[in-house]
Structure formats: C-alpha cells, structure tokens
Amino acid sequence: MRTRFAPSPTGFLHIGGARTALFNWLYTRRYAGTFILRIEDTDQVRSTEESTRAILDAMAWLGLNWDEGPYFQAERVNIHREMVQKLIDTGNAYYCTCAPEELEAKRKKALAEGRKPKYDGTCRDRGLPRSSGSVVRFRGPEVGVTVVHDLIKGNISFNNEELDDLIIERADGYPTYNFAVVVDDAQMGITHVIRGDDHVNNTPKQIQIYEALGYEVPLFGHVPMILGSDRARLSKRHGATSVMAYQEMGYLPEALVNYLVRLGWSHGDQEIFTMEELVREFSLEAVGKSAAVFNPEKLLWLNQHYIMAYPAERLVESVLPFWEKRGFDVSDRPFVAKAIADLRTRSKTLVEMAEGGVFYFQEEVAYDPEAAAKFLTPEYAGHLVAVAEGIPGLAEYTKDGLESFLRALAEERGTKLKWIAQTLRVALTGKTVSPGIDEVMVTLGKERVIGRIQKAVAWIGAAS
RNA sequence: GGUCCCAUCGUCUAGUGGUUAGGACGCUGGCCUCUCACGCCGGAAGCCGGGGUUCAACUCCCCGUGGGACUACCA
C-alpha cells in the first residue's frame with residue numbers, strides 16, 4: 001500500500017488538512033504501507049516556500065512522519081508535459097484557443113439562462129496546433145457513466161455528459177491540478193487516495209485521465225469536511241484554524257490528534273486513544289459520511305486530559321517555553337517540576353498553566369488589589385505572623401505536615417482554616433486562586449514562604 | 001441553476017428490523033473542600049418531515065425539507 005498527503009503550499013497547515021494527513025498516516029501505518037508527502041506547488045503565483053516550511057513543521061509537531069518526499073510537483077513539469085503530449089498524440093486531448101474572458105462570458109450567460117456552465121466544445125474538433133496562449137484540454141467521453149468506488153462513501157456514479165473538457169495544461173505551460181495529481185499519483189504508485197470530500201466531483205474526471213493514460217485507477221476514500229459552528233466550511237472567522245496556532249495556545253499534539261481523529265471516526269464508545277491504539281484500530285470503514293462541526297470545548301477537555309496524563313518530564317519540557325517566553329528563570333528544574341505538579345490538575349492549556357504559575361517565579365509577588373484588600377489586612381496579619389513563627393519548628397515540612405499544622409493553628413486561634421489559608425494564599429501567590437496552599441508552601445520551600453510572609457506583613461503595616 | 005454528497009441530544013458519535021436509543025464534550029443539581037480545579041453521584045437534552053415495505057422501523061425504499069461540496073488557465 002502506498003498513500004500520500006498532498007497539500008498545496010499556499011498557507012499554513014489547517015485543521016482540515018491535518019485530519020486528512022492524520023487519516024492517511026494512520027491507515028498507512030496500520031497496514032505497514034508507505035506514506036508519501038508531496039507538495040502541490042504548480043500554482044506558481046500562490047505557492048511559497050514559507051508555507052511549505054510551515055506545513056512540514058506542523059506535520060512534525062503532530063508526529064506524522066513520511067517515508068518518501070517531500071516531492072515537489074512543480075519539479076515534475078517535464079513529466080507532466082510528456083503525458084500531455086501523449087494524450088494529444090492519442091487524440092485524448094486537444095489545443096484550445098478560447099480566450100479566458102470569452103469563456104467567462106459564456107459561463108455567465110449559460111448560468112443566467114439556466115443552462116450548464118460547461119465548456120461548449122468550440123475547439124474540441126478544430127484540430128488546432130499549439131500556439132501562443134493556447135491551452136490543452138482533455139477530451140472527455142460524451143456518453144456513458146463513470147463510477148467512483150469510494151472506500152468511505154460507497155459507489156458514486158456520474159453521467160459523462162455532465163463532465164467538462166477540463167484544461168490540463170495552462171497557457172503558461174504548467175499542468176493544472178486535476179491532471180498533475182493523476183500523473184503524480186499514478187507514477188508514484190499511489191494505491192489509496194485519501195483526501196477531503198471536496199474532491200469527489202473531480203474524481204470522475206481524474207478517473208478518465210487515468211484510463212486515457214493507461215494507468216491503473218487507485219482506490220479512493222473521501223473524508224467528510226470539517227465545518228464551523230455555523231455549519232459553513234471551517235475558516236478563520238471560526239477561530240484558529242492553523243495547526244501551529246494550537247501549539248502556541250498551549251495545546252498538546254496528542255490532544256489535537258485525539259480530537260481530530262474522533263471527528264468523523266469512532267471506535268465504539270472510546271474517546272481517548274494513544275497513537276498505538278489508533279494505528280491498531282483505525283479503519284476507513286469506520287469513518288462516517290457526514291460533515292462534522294469543529295467543537296473547541298471538546299478539544300479543550302482533551303487537552304486537559306492529556307495535561308493530566310502526560311509523563312512529568314515531558315510536561316516540563318512542554319511548559320518550559322511558555323515561562324521562558326515570559327522571561328522567568330527556569331533553571332531550577334526540580335522546582336519547575338514541583339510547580340507543574342501543583343498546577344497540572346487545574347490547567348486546560350499550557351498557556352493557562354504558565355499564567356497560573358507565574359507567582360512561583362516572581363521575586364516580588366504581585367498582589368491582586370481586590371485580593372489584598374480583602375485578606376492583607378491588620379485583622380489577618382496575626383495569622384501570617386503565627387504561620388511564619390511556626391514553620392521553623394515544624395517536624396514535617398510536607399503537605400500533610402503543613403495541613404495539620406495549619407488546622408491546629410486555626411483551632412488555636414479560634415478561626416477556620418479557610419481564613420488562614422486564603423490570607424496565606426494572597427501573601428504567597430498574590431491571588432485568591434492557586435493550587436492547594438500546602439502544596440504551594442512545599443514547592444516554594446520554607447525560605448521563600450517565610451520571606452513572602454514577612455513582605456506581606458510589612459506591606460500590611462505600610463498600607464494601614 | 002446543474003451535478004454529487006450528507007441527515008441520531010446544542011456538538012462529536014454508538015446503533016446495523018424488535019434497545020428503557022448508549023457514550024463523550026458542554027450545560028446543570030449534589031458530594032468532596034483552604035480558593036480554583038480534579039474526582040465521585042445524579043439530571044435535562046436526540047432518531048428532520050411525509051409516504052411506503054414489514055407482524056415490527058432510528059435502522060430498508062421513495063419523495064420532500066435542510067445542510068454541504070463542486071461547477072477556475074486554485075488546489
């Protein structure tokens with residue numbers, strides 16, 4: 001089995017393309033086939049190297065490696081031209097000199113009159129030679145039926161009379177997509193073409209080209225589209241659509257992969273899959289036929305799940321960049337690891353985690369005005385002093401040891417734990433929301449805790 | 001307009017002629033609790049409509065309706 005992912009380098013790898021790549025990759029890995037990456041850059045105007053780079057980066061981030069390529073379609077024009085010539089020689093293609101404006105006018109007119117806006121065949125039988133500005137059209141059969149055998153959608157048949165004589169070589173000598181894709185897929189020995197179902201209507205034309213060229217027709221699998229919340233094709237206005245934007249927003253690749261694979265594919269009631277399970281279980285037969293709406297909330301849930309399930313060391317590696325970006329000193333790895341352990345159950349994204357953990361790294365705790373107004377008051381200052389005084393004599397400076405210490409202290413002082421805990425929280429983190437106060441104290445360590453308490457007490461003195 | 005595809009809770013989906021129509025996200029009531037989370041227990045929420053076929057249709061067929069894709073010298 002040989003498959004391929006063939007994006008055009010006219011932008012970043014988007015969510016839809018990523019899922020197509022993922023389906024191809026999973027299917028190929030499952031059957032130990034060869035996965036090929038081909039960049040479809042025959043649009044000389046819109047293709048950029050930067051886009052190619054971005055697509056490769058996104059594939060790597062998602063963990064979708066390829067076995068051959070990347071091949072560049074534009075580097076294969078000689079082969080394409082040779083095949084165009086072959087089609088002309090066999091009478092399966094012809095030169096056409098109709099002007100684009102003229103064609104456009106005819107199209108509009110036909111549409112206005114309620115007729116099919118297909119090429120009228122003006123040059124089909126004129127036997128024109130190549131000339132400046134001429135294009136090459138494929139001569140499609142006028143009668144009969146072409147049926148697409150689709151691995152996902154079943155058999156789809158088209159009346160050939162509905163099909164256009166499409167242009168296979170532009171005036172600039174470059175092949176068009178529908179032609180180049182056939183030549184390349186055939187010559188690269190692609191056996192399974194898995195792509196978005198926006199290509200189904202092109203497929204019968206492509207099949208005719210395969211046949212005219214004497215190639216074996218591959219198997220097709222058209223995966224349904226991904227829609228936005230308004231059921232329109234997913235686009236920027238629905239939020240981030242670039243794969244790498246999700247990395248920047250603090251998503252883990254496993255979460256995106258898991259989310260994407262469940263968009264259109266399912267395996268009973270299972271929601272969480274490892275890559276190994278996916279490679280073992282994925283099948284095109286279990287891919288649904290209908291389009292799916294992209295649901296950011298569920299992706300967020302999965303991300304949270306993976307943040308909690310990630311191996312500690314990998315989570316550290318993943319979060320580090322977000323703190324470094326904020327200019328924090330993260331050289332004390334054991335300390336960073338402890339902070340992450342505190343934060344991991346309360347973060348849906350790495351960005352959220354980095355944000356929620358800034359206090360671990362701040363030399364000077366930034367007090368939230370509202371929190372300070374409520375808890376950093378003379379009324380509560382005594383709690384802080386008592387905590388600071390009690391810490392040095394603590395037998396067990398651990399989560400449990402601190403908890404019993406604080407509970408005992410609350411009782412001793414005739415108050416509830418929550419008042420001491422919240423006051424402490426503001427003194428140590430600057431906020432009223434943070435990981436468990438005992439966890440924070442353990443991670444910060446005695447020195448920092450006492451230092452921060454002293455600063456808070458001083459702050460209260462200065463403020464009142 | 002034409003061609004093609006699709007249709008189970010708001011969303012992702014299981015289902016393959018006989019089920020109290022299951023799970024997940026989200027929403028929501030409660031428990032837990034030093035805050036926020038995590039976790040646990042519970043709840044509301046769905047077979048697009050109409051005809052057939054059948055003893056029996058979410059399931060099969062047809063017609064509507066709705067949504068989507070394509071209809072480029074883009075891919």
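Proteins come first, then strands; the chains are lettered A, B, ... in the order of their sequence lines, and each starts at number 1. Just so it is clear, the structure is predicted and the values come from calculations on it, not from any experiment.
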Check nucleotides 4-8 of chain B for protein N or O atoms closer than 3.5 Å to its own N or O atoms and list the pairs.
unit_1 : atom_1 : unit_2   : atom_2 : d
B/C5   : O2'    : A/Lys153 : NZ     : 2.9

N/O-N/O pairs, protein side and nucleotides 37-44 of chain B side, under 3.5 Å:
unit_1 : atom_1 : unit_2   : atom_2 : d
B/A37  : O2'    : A/Thr345 : O      : 2.4

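Within residues 349-361 of chain A, no residue has any heavy atom closer than 4.0 Å to RNA chain B. For the contact set between residues 96-105 of chain A and RNA chain B, defined by any heavy atom under 4.0 Å, the members are A/Cys98, A/Pro100. Residues from residues 400-426 of chain A with heavy atoms under 4.0 angstrom of RNA chain B, sorted by number: A/Arg407, A/Leu417, A/Lys418, A/Ala421, A/Gln422, A/Arg425.
Using a 4.0 Å heavy-atom cutoff across all strands shown, A/Leu111 reaches at least one base atom of the nucleic acid. Using a 4.0 Å heavy-atom criterion, one finds that A/Val293 contacts the sugar-phosphate atoms exclusively. If you check every strand for non-hydrogen atoms under 4.0 Å, A/Arg115 touches nothing. Nucleic acid contact for A/His222: none, since no nucleic acid atom lies under 4.0 Å from a heavy atom of the residue. Contact annotation for A/Asp164: no contact, since no heavy-atom pair falls under 4.0 Å across all strands.
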Show me the donor-acceptor pairs within less than 3.5 Å that the side chains of residues 134-145 of chain A make with the rest of the protein, sequence neighbours left out.
unit_1   : atom_1 : unit_2   : atom_2 : d
A/Ser134 : OG     : A/Ser131 : N      : 3.1
A/Ser134 : OG     : A/Ser131 : O      : 2.8
A/Arg137 : NH1    : A/Asp165 : O      : 2.7
A/Arg139 : NE     : A/Gly91  : O      : 2.8
A/Arg139 : NH1    : A/Arg124 : O      : 3.0
A/Arg139 : NH1    : A/Asp125 : OD1    : 3.1
A/Arg139 : NH2    : A/Arg124 : O      : 3.3

Only distances under 3.5 Å count here; give the side-chain donor-acceptor pairs of residues 196-206 of chain A to other protein atoms, sequence neighbours excluded, each with its distance to 0.1 Å.
unit_1   : atom_1 : unit_2   : atom_2 : d
A/Asp197 : OD2    : A/Lys153 : NZ     : 3.1
A/Asp198 : OD2    : A/Arg233 : NH2    : 3.1
A/His199 : ND1    : A/Tyr177 : OH     : 3.2
A/Thr203 : OG1    : A/Arg195 : NH1    : 3.2
A/Thr203 : OG1    : A/His199 : O      : 2.9
A/Thr203 : OG1    : A/Val200 : O      : 3.3
A/Thr203 : OG1    : A/His222 : NE2    : 3.2
A/Gln206 : OE1    : A/Arg195 : NH1    : 3.4
A/Gln206 : OE1    : A/Arg195 : NH2    : 2.7
A/Gln206 : NE2    : A/Asn178 : OD1    : 2.8

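For the pair A/Asn202 and A/Gly436, both in contact range of RNA chain B, the more 5′-proximal nearest nucleotide belongs to A/Gly436.
Counting only residues at least two apart or on different chains, the salt bridge (Lys or Arg N to Asp or Glu O under 4.0 Å) pairs with a member in residues 405-434 of chain A are A/Glu403-A/Arg407. For residues 12-24 of chain A, the set of pairs meeting the salt bridge (Lys or Arg N to Asp or Glu O under 4.0 Å) definition, not counting sequence neighbours, is empty. Sorted by first then second residue, the salt bridge (Lys or Arg N to Asp or Glu O under 4.0 Å) pairs that include residues 352-362 of chain A, not counting sequence neighbours, are A/Arg326-A/Glu355.
The side chain of A/Ser266 has B/A14 as its nearest neighbour among B/C12, B/A14, B/C73. Among B/A75, B/C34, B/G1, the nucleotide with an atom closest to any side-chain atom of A/Ile437 is B/C34. Of the candidates B/G67, B/G10, B/A75, the closest approach to any side-chain atom of A/Asn295 belongs to B/G10. Of the candidate nucleotides B/A69, B/G23, B/A75, B/G23 has the atom lying nearest to any side-chain atom of A/Asp269.
For A/Arg53, the salt bridge (Lys or Arg N to Asp or Glu O under 4.0 Å) criterion is met by A/Asp57, not counting sequence neighbours. Every residue two or more places apart in sequence or in another chain that forms a side-chain hydrogen bond (donor to acceptor under 3.5 Å, both in side chains) with A/Thr10 is listed here: A/Ser8.
Looking only at atom types and distance, the side chain of A/Asn303 has no donor-acceptor partner in the side chain of A/Thr349 under 3.5 Å away.
In this structure, A/Asp230 contributes its side chain and A/Ala232 its backbone to a donor-acceptor pair below 3.5 Å. Listed for the A/Arg448 side chain is a donor-acceptor partner under 3.5 Å among the backbone atoms of A/Leu444.
Distance A/Leu13 CG to B/A75 P: 18 Å, rounded to the nearest Å.
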